[in-house]
Amino acid sequence: MPHRGLAELSEPLAWAEPYRTKMVEAIPMTTREERKRFIAAAGYNPFRLRADQVSIDLLTDSGTAAMSDTQWSALMQGDESYAGSRSFARLQEAVAEVLGFPYVLPTHQGRAAENVLFHTLVQPGQIVPNNMHFDTTKAHVHNRRARPVNLVIPEGRDPQKPHPFKGNMDVDALEALLEKEGANVALVMLTVTCNNNGGQPVSMENIRSVSRVARRHGVPLFLDAARFAENAYFIKQREPGYRDVPLCDIVREMMGYADGCTMSAKKDGLVNIGGFVAFRDEELYRRASQFGILYEGFLTYGGLSGRDMEALAAGLREVLDEHYLAARTGQVRYLWEQLDALGIPLVTPVGGHGVYVDAGRFLPHFRHDDFPGWALSVALYEEAGVRACEIGTVLAGRNPETGEHDYPEQELLRLAIPRRVYSYRHMDVVAEGLRRVWQRREELPAYRFVYEPPVLRHFTATFAPEPIAAPASRSTHPAG
Ligand code: F0G
């Protein structure tokens, strides 16, 4: 029997991935004793594990996609000229065709696009509203001595609340902010899909409304387009009136409301490295160009080689294949359904690029500063060799003004699924690993910092486990 998600698809071929394997990569196999040693030696930080100590790597869906034969052959056509590269022209054409933006500055990845854009538009003391800033976006706003503000709708802050578009921005809150601080708002951003609350999509209606409000106040709107194709697929599936609209038209409409976008091409660009910032307006592009040249490289390569730009141009087109997106979102949903059936608390509904476990509810006796998502990530690695990523207090970092932990609204563990890499059977292994952790959840230790770096601390911090009293003997304090 196909699982629930698949049974909805009438065409049997749609049950399967629309690609087959031409080359394989061996998966490292380890024992539980080895994994316990490896993670202890890594300072209980999954980011510090060696990849050959990990069997199923769900740390991120960023830069981890399998490229297609089309993309691999495009690499061979890379034009490595410093200026006027033909590969840049191909990238520019793909960006114009797929996203509708005529001007593009290639960057080495998404955060570099943020750096270039924010140097162009953000002045110290200004405010940048977003549905939810991704951590690098937030860090780059801070780096400009400006203030990031998250204006996601209330449903988007509650892992349990059902809503088809939990990435939506609270338009009234944006309106109020612009009324009060209009002159001080540098730009408005919308992250599609919204990574930090579960890969939740933003509806077309919301993009349209946000655009209208921003425009009325004369403030530019940029999309963080890292997962634009997955967002478009959700619009097609979940938003009335879009079922029969081709995905390419949905994407063009989404982008049509914006003045430009930043792109981490390591996600929906289907490449292992790359990014860009794209603009509709030539004057803005000109202003940004000087920062592009300063921080990334000349206009026609930015932070990329010619072959990178070729692979990206091909990836931008491939990612809008509806069969691919059905298989992609279907696989994420398959894992979500298995974990849900076990009673494991999850961010609901399922998002686009991964399953987010509600660590706050998984470990309700943990406080925020016991790092529940972190504890789960270590336990899952020890149990099944699966590497996942905390999206909680550790990742959120400290408030630069107060020095206190910048407690997030949700304590999550993200199981991010690389594109076109793992099989459904691998998802079964992940589910079984988490089932076993769920069974012994009252035994998991808390974690304390041994070394805490000042910025983006999750990447390099080290920790020590600390036993924590079982729920019955501890005054409970919901982490979520
Ligand atoms: N915006 C979003 C929504 C992202 O998810 C990321 C990266 C970036 C910007 C920055 O892009 O990594 O290319 O510099 N997200 C990765 C992740 C790291 O694991 O979710 P980058």
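All ligand and atom numbering here is 1-based and tracks the order in the structure.
The existence of a salt bridge linking Glu155 and Lys166 is excluded, since no basic side-chain nitrogen approaches an acidic carboxylate oxygen closer than 4.0 Å.
For a heavy-atom separation below 4.0 Å, the residues in contact with ligand 1 are Thr60, Ser62, Gln109, Gly110, Arg111, Glu114, Phe134, Thr136, Thr191, Asn195, Asp224, Arg227, Ser264, Lys266, Lys267, Arg414.
Qualifying side chain to side chain donor-acceptor pair (under 3.5 Å) partners for Gln338, counting only residues two or more places apart in sequence or in other chains: Tyr334, Asp428.
His405 and Tyr407 have tilted rings, their planes meeting at an angle from 30° to 60° on a 0 to 90° scale. Using bins of under 30°, 30° to 60° and over 60° for the plane-to-plane angle, the ring pair Trp374/Phe463 lands in the tilted bin.
The only member of Arg420, Lys267, Arg227, Lys266 that meets salt bridge (Lys or Arg N to Asp or Glu O under 4.0 Å) when paired with Asp61 is Arg227.
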Can Arg419 and Asp268 be said to form a salt bridge (charged side-chain N to carboxylate O under 4.0 Å, His left out), step by step?
CA-CA 9 Å; Arg419 293 167 181 78; Asp268 276 350; 3.1 Å; yes
